[in-house]
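Here is the structure we will look at, set down as structure tokens.
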Amino acid sequence: MDKKKAYTYKSGGEIFTVKYQGKYFVWDQWIDDDGNISAVKENNKGLYSGWPDDREYLTNLIYPLKVGKEWVTSSITYKIISIDGTLKTPAGTFNNVVTTKSSFGFIDYYAPNVGSIKVIHDGKVIGELIHLENK
């Protein structure tokens with residue numbers, strides 16, 4: 001995620017914005033409008049998200065990216081199904097989108113240098129990036 005941007009998402013009928021808050025050890029902390037904090041880290045092994053206070057995290061992507069690659073995190077199996085897609089959201093059109101599918105049927109879309117841009121479950125949009133702007 002770009003620390004110089006504010007990300008506005010629509011999820012579950014709610015609209016919220018997250019902004020970079022600072023570092024928490026190796027994690028980049030992001031805070032939403034209600035003061036909820038989440039964390040993201042990326043290294044040469046993958047992209048991870050979590051909740052620092054709970055010391056729990058998910059492996060969102062495993063590097064190097066390769067179609068068909070699978071991994072398990074929190075008893076959920078994820079598989080990369082595309083690495084070169086194009087996806088349009090209200091925030092814009094994104095290229096080189098990585099798409100994953102979980103064993104629970106969630107489809108997640110990630111754009112380079114942006115992060116999560118859309119989540120679908122059972123054909124319905126669960127969450128989507130609707131606005132991206134400089135802070």
By salt bridge (Lys or Arg N to Asp or Glu O under 4.0 Å) - contacts of D28 (at least two apart): K3, K23
Could you tell me whether a side-chain N or O of Y48 sits under 3.5 Å from a main-chain N or O of N43, the two making a donor and an acceptor? no
Exceeds 12 heavy-atom contacts within 6.0 angstrom, atom NZ of K41: yes
Inspect the surroundings of NZ in K101 and state if more than 12 heavy atoms from other residues, nucleotides or ligands are less than 6.0 Å away. no
Consider side chain to side chain contact (heavy atoms under 4.5 Å, CB included). Of T17, I117, V114, which one does Y7 pass it with? V114
Could you tell me whether a side-chain N or O of D32 sits under 3.5 Å from a main-chain N or O of D34, the two making a donor and an acceptor? yes
What do you reckon, is NZ of K135 surrounded by more than 12 foreign heavy atoms closer than 6.0 Å? yes
Sequence neighbours excluded, which residues qualify as salt bridge (Lys or Arg N to Asp or Glu O under 4.0 Å) partners of K45? none
Return a table of donor-acceptor pairs under 3.5 angstrom between the side chains of residues 59-67 and protein atoms on other chains or two or more places apart.
{"residue": "N60", "atom": "OD1", "partner": "S49", "partner atom": "N", "Å": "2.9"}
{"residue": "N60", "atom": "OD1", "partner": "S49", "partner atom": "OG", "Å": "2.9"}
{"residue": "N60", "atom": "ND2", "partner": "S49", "partner atom": "OG", "Å": "3.4"}
{"residue": "N60", "atom": "ND2", "partner": "Y110", "partner atom": "OH", "Å": "3.2"}
{"residue": "Y63", "atom": "OH", "partner": "E42", "partner atom": "OE2", "Å": "2.4"}

Heavy atoms from other residues, nucleotides or ligands near CD of E14 exceed 12 (cutoff 6.0 Å): no
Residues 76-93, side-chain donor-acceptor partners within the protein, below 3.5 Å, at least two apart:
{"residue": "T86", "atom": "OG1", "partner": "N95", "partner atom": "OD1", "Å": "3.2"}
{"residue": "T89", "atom": "OG1", "partner": "A91", "partner atom": "N", "Å": "3.0"}
{"residue": "T89", "atom": "OG1", "partner": "L129", "partner atom": "O", "Å": "3.0"}

Could you give the distance from NE2 (H121) to CD1 (I126), rounded to the nearest 0.5 Å? 7.0 Å
Using the test salt bridge (Lys or Arg N to Asp or Glu O under 4.0 Å), find all partners of K118 that sit at least two apart in sequence or belong to another chain. E128
Can you name the ring pair (Phe, Tyr, Trp, His ring centres under 6.0 Å) partners of Y20, sequence neighbours left out? W30
Around atom NZ of K10, are there more than 12 heavy atoms from other residues, nucleotides or ligands closer than 6.0 Å? no
